[in-house]
2 protein chains.
Amino acid sequence: MNAFTEKAITGADKTFFQLRSDIVEGEIKAGSKLSEMELSTKYGVSRAVVREAINRLESCHLVERKPNIGARVVALTLEGLVQLYQVRESLEGMAARLAAKNMTDAEIEDLKGLLNTHFQEVKGGKTYYQEAGDVDFHYRIIVGSKNDHLISMLVNGLYHLIRMYRVQLGMAGPRVSTAFDEHKNIVQAISNRDEELAEMLMRRHILYSKQNIEARLR
Amino acid sequence: MNAFTEKAITGADKTFFQLRSDIVEGEIKAGSKLSEMELSTKYGVSRAVVREAINRLESCHLVERKPNIGARVVALTLEGLVQLYQVRESLEGMAARLAAKNMTDAEIEDLKGLLNTHFQEVKGGKTYYQEAGDVDFHYRIIVGSKNDHLISMLVNGLYHLIRMYRVQLGMAGPRVSTAFDEHKNIVQAISNRDEELAEMLMRRHILYSKQNIEARLR
DNA sequence: ATTAGTCATATTGTCGACAAAATAGGCCAT
DNA sequence: ATGGCCTATTTTGTCGACAATATGACTAAT
């Protein structure tokens with residue numbers, strides 16, 4: 001066995017990942033029906049593993065399942081996006097608060113380094129920032145909270161759904177420069193171990209994102 | 001078809017409910033292994049439905065599953081309880097905020113009525129309050145938020161876990177009178193449509209509960 | 001005595017077949 | 001035509017069997 005624990009990957013895992021990717025990226029259209037038999041032949045696995053994969057997708061709120069009827073990919077609505085950001089504001093705000101309390105000094109330094117890297121890239125004219133960079137920034141703070149429930153809910157639960165909205169409603173990389181300043185201030189608050197401020201700044205950051213998205217969609 | 005939509009109940013549902021109850025009430029001990037075959041014979045269903053039930057329990061964070069090894073009921077630790085209340089503080093705080101915004105006047109009146117009923121019972125010397133009453137109070141505010149993600153996360157996700165801690169660590173009904181006053185103030189804030197205050201009071205209410213529990217356990 | 005290796009057993013992962021339920025289409029009555 | 005009922009087909013729910021992996025016991029070498 002290797003030094004770092006490597007989880008065994010089962011067939012259901014692979015099917016789950018594949019399906020999730022196809023749904024998030026829009027390969028499988030939002031609101032469409034998921035036929036077990038069809039997916040079974042498409043991915044070359046038995047219906048049992050497809051069912052397990054679909055069950056997990058339901059846990060992520062990416063599909064909705066009704067007994068004896070079947071599973072549909074969730075529909076994307078403005079209402080749903082707003083609700084999603086409300087939860088996100090709450091959870092990530094708490095994550096920032098806990099990160100200010102629980103991140104090690106080394107982790108905070110790493111985070112500052114990440115921010116610097118992003119700064120260089122943005123200065124160099126890259127619009128790349130928003131997609132991977134923003135996700136990475138938020139991801140580190142979530143993990144830095146050291147709260148397993150929080151981490152699970154956000155990483156396994158909400159982030160793929162958020163990404164699905166981003167990809168399919170085509171909101172790629174706006175608000176780059178202002179968002180970067182907000183990130184910087186959040187990191188500063190965490191570095192100062194100012195829990196209250198870190199939470200407040202994160203909540204406002206996400207609130208602004210939400211308002212920005214809402215404005216563009218109406 | 002009936003007036004109110006009645007969801008079909010599948011066998012996996014029943015097994016899931018049964019297992020969840022057994023775990024929460026401690027009939028199945030925390031940290032113990034769940035053998036698919038054993039449960040299959042015990043409940044008289046096939047392994048497939050037991051597997052589906054266990055998968056759903058995993059979504060609720062009531063069991064942890066490792067590929068090719070099996071599922072164990074989660075272990076109850078003080079650390080875990082603290083993390084749980086941190087998330088709860090965040091989510092229910094947001095629920096109170098949204099309830100202040102989204103509950104109808106009629107729903108708020110109902111909530112006041114519920115509080116009065118509890119008041120009479122407490123005055124009558126019943127210690128019954130905490131268990132059903134507290135849950136009901138929080139439940140109504142969660143639903144009153146009208147945010148499906150929030151509702152799902154709390155009702156399907158966290159509440160059974162919280163109840164598991166309550167039952168098995170034997171913390172039934174303390175803090176009755178003070179908690180009642182806190183509930184009253186929260187309802188007043190919601191009634192005044194004061195979102196900020198409602199959120200703050202709910203967060204403090206849960207924070208107090210957490211501290212109360214922590215104090216008793218050390 | 002301890003450790004590594006091997007083999008037998010038990011448990012989980014996957015599959016195809018059957019049962020139950022829902023959907024679709026045609027048929028009949030109005 | 002329209003609406004309700006019945007049948008045929010499709011889809012999901014459940015089951016038992018087989019394959020792959022982990023667990024535990026036993027042996028042997030150091």
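Bear in mind that the values here come from a model prediction, so they are computed numbers and not experimental data. Chain letters run A, B, ... following the sequence lines, proteins first and then strands; every chain starts at 1.
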Please list, chain by chain and in numerical order, all residues satisfying side-chain contact (heavy atoms from CB on, under 4.5 Å) with A:Glu109, sequence neighbours excluded. A:Lys112
Any ion pair linking B:Asp22 and B:Lys29 (charged N to carboxylate O, less than 4.0 Å)? no
Less than 4.0 Å between a side-chain N and a carboxylate O, is that true for A:Glu64 and A:Arg72? no
Got a salt bridge between A:Arg203 and B:Glu199, using NZ or NE/NH1/NH2 to carboxylate O under 4.0 Å? yes
Nearest-angstrom distance from the residue atom CZ of B:Arg72 to P of D:dA22: 16 Å
Kindly assign one of parallel, tilted or perpendicular to the pair B:His205 and B:His183, based on the angle between their ring planes and the thresholds 30° and 60°. perpendicular
Which letter, B, S or -, goes with each nucleotide of nucleotides 7-20 of chain D from 5' to 3', with contact meaning a protein heavy atom under 4.0 Å? ----SBBBB-B---
